[in-house]
Amino acid sequence: MNAAALPGPRLLSRAKLPADTVALARFLIGKIVVRELPEGVVSGRIVETEAYVVGDAAGHAFRGVTPRNRSLFLERGHAYVYLAYGISHLLNVSSEAAGTGAGVLVRALEPLDGVPLMQSNRGVVGLRDLARGPGRLAAAMRIDRRLDGLDLCRRGDLWLGDDDRQNDEIGQSVRIGITRDAERPLRFFLAGSPFVSGPRALNRQ
DNA sequence: AGTGCGATTGACT
DNA sequence: GTCAATCGCACTA
């Protein structure tokens, strides 16, 4: 009831993050995204991710470093935020070693703390749709390019947390909304979670 | 300097 | 199910 009285999530240390992009995408399921806003803290449990691996034609790092994608080349655990379709911001977690361009797209959250604040960020929306989809997630948490390059392994405006909750089964499917390398099963999701985006056919086991 | 295009969403038939 | 919105940026020249 009183969220402020409960112990918040622990900061996820960089040492715990798998260096491998696919392993990181799997690992991040069940972890927590914490957003600190002037009005309060907003957080949610990650229920859906996609890996954009080294040499991936669908990945933004495919053609090397550019002003937009440079955060993908930071050491694992940094934010890569970009604007898609001129409409939606998308949050990624950089992966691999510094200098290697790869990352994990965070596609959906199960809202935890600050639900009213998320609703005010998006316009009032039901709990299930608050952060179901990468653009909605960023809007709910008020994430934009100003957070690009941020270290998610330090407490601050945006960081990754863990509360040791045990994961249910993790499902796997092809990635959503891409045209190149579209057959690779690099999307991961918490099986059975109503907060996962994507067509039902992809969310079956 | 000009052009084309999305790792999406919400509105609409 | 289809489709337009909207803009930063990568690409070409």
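Here is the naming used below: chain letters follow the sequence lines, and residue numbers restart at 1 for every chain.
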Next item on the list: Between protein and nucleotides 3-13 of chain C, map the contacts as a letter string: B base, S sugar-phosphate only, - none, heavy atoms under 4.0 Å, written 5' to 3'.
Entry: --BBB-SSS--

Checklist line | Residues from residues 172-199 of chain A lying under 4.0 Å of DNA chain B - heavy atoms | finding: I176(A), G177(A), I178(A)

Check: With R132(A), which residues qualify under salt bridge (Lys or Arg N to Asp or Glu O under 4.0 Å), at least two apart?
Finding: D129(A)

Check: When the distance from CG of N92(A) to C1' of dG6(B) is rounded to whole Å, what number comes out?
Finding: 14 Å

Next item on the list: Could you tell me whether R142(A) and E39(A) make a salt bridge, using a distance below 4.0 angstrom between a side-chain N and a carboxylate O?
Entry: yes

Please tabulate, for the side chains in residues 22-32 of chain A, all donor-acceptor contacts under 3.5 angstrom to protein atoms that are two or more places apart in sequence or on a different chain.
from   : atom 1 : to      : atom 2 : distance (Å)
R26(A) : NH2    : Q172(A) : OE1    : 3.2
K31(A) : NZ     : F27(A)  : O      : 3.0

Next item on the list: Taking side chain to side chain donor-acceptor pair (under 3.5 Å) as the test, write out the residues that go with D162(A), two or more places apart.
Entry: none

Check: For the residue pair Y82(A) and H60(A), is the inter-centroid distance of their aromatic rings smaller than 6.0 Å?
Finding: yes

Margin query: Do C153(A) and W159(A) make a side-chain contact, defined as non-hydrogen atoms from C-beta onward lying under 4.5 Å apart?
Written below: no

Note to self: Could you check whether T21(A) and E96(A), counting side-chain N and O atoms only, form a donor-acceptor pair closer than 3.5 Å?
What the structure shows: yes

Notebook entry, point to check: Which value, in whole Å, describes the distance between the C1' atoms of nucleotides dG1(C) and dA7(B)?
Noted result: 23 Å

Checklist line | Candidate pair D163(A) and R165(A), rule salt bridge (Lys or Arg N to Asp or Glu O under 4.0 Å), full reasoning | finding: CA-CA 6 Å; D163(A) 63 358; R165(A) 198 187 79 156; 5.7 Å; no

Checklist line | For atom CZ of F62(A) and atom C1' of dG6(B), their distance in whole Å | finding: 16 Å

Check: DNA chain B: stems of at least 3 consecutive Watson-Crick or G-U pairs, cut-off 3.5 Å?
Finding: B:1-6 with C:7-12, B:8-12 with C:1-5

Check: What's the shortest heavy-atom distance between L91(A) and L105(A), and which atoms?
Finding: O-CD1, 3.4 Å

Next item on the list: Nearest whole angstrom, please: distance from the C1' of dG10(B) to the CG of L137(A).
Entry: 17 Å

Check: Is the shortest side-chain N/O distance from R132(A) to OP1 or OP2 of dT9(B) below 4.0 Å?
Finding: no

Notebook entry, point to check: Within 45° of the ring axis of Y52(A) and under 6.0 Å from its six-membered ring centre, is that where the NZ or CZ of R175(A) lies?
Noted result: yes

Margin query: Please report the distance, rounded to the nearest Å, between CZ in R128(A) and P in dT9(B).
Written below: 13 Å

Notebook entry, point to check: Salt bridge between R10(A) and D164(A), side-chain N to carboxylate O under 4.0 Å?
Noted result: yes

Notebook entry, point to check: Between atom CG in L105(A) and atom P in dG6(B), what is the gap in whole Å?
Noted result: 16 Å

Next item on the list: Using atom CD of E50(A) as one end and atom P of dG6(B) as the other, report the distance to the nearest whole Å.
Entry: 16 Å

Note to self: Using whole Å, what does the distance between atom P of nucleotide dA7(B) and atom OH of Y80(A) come to?
What the structure shows: 9 Å

